[in-house]
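Only one structure is covered here, and it is reproduced in the block below.
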Amino acid sequence: MTKSIETLRLHHSEIKSTFAHHYSNGPLEGTNNKIKVVKRVSFGFRNFHRFRTRLIYTFKIHTKKVLITK
């Protein structure tokens with residue numbers, strides 16, 4: 001129990017800052033997880049541009065066609 005209390009004392013300012021600010025890292029980590037899943041599923045892609053196109057399609061990003069093709 002003393003180790004837990006010491007850790008809380010050591011990180012007191014960071015913990016206090018967490019309650020003061022409402023910034024969440026969740027959406028960014030969700031995006032990274034989705035990219036990793038697409039990488040795992042699309043193991044056979046030989047071309048980075050096809051992989052990139054797959055990511056754009058997965059995230060439904062609207063971009064110019066020039067950026068998607070080679």
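Since the model is a prediction, treat every value here as computed from it, not as a measurement. Nothing fancy with the numbering, it's 1 onward along the sequence.
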Contacts under 3.5 angstrom, residues 4-18 side chains, donor-acceptor by atom type, not counting sequence neighbours:
| from | atom 1 | to | atom 2 | distance (Å) |
| --- | --- | --- | --- | --- |
| T7 | OG1 | K3 | O | 2.9 |
| T18 | OG1 | E14 | O | 2.9 |

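Under the 4.5 Å side-chain heavy-atom criterion for grouping Ile, Leu, Val, Met, Phe, Trp and Tyr, I56 is connected to F48 within one hydrophobic cluster.
Counting heavy atoms of neighbouring residues, nucleotides and ligands inside a 6.0 Å radius, atom CZ of F59 exceeds 12 of them.
Residues N25 and L28 have side chains in contact (heavy-atom distance under 4.5 Å, counting atoms from C-beta outward).
Take V37 and apply the side-chain contact (heavy atoms from CB on, under 4.5 Å) test, not counting sequence neighbours, and it matches N33, R40, V41.
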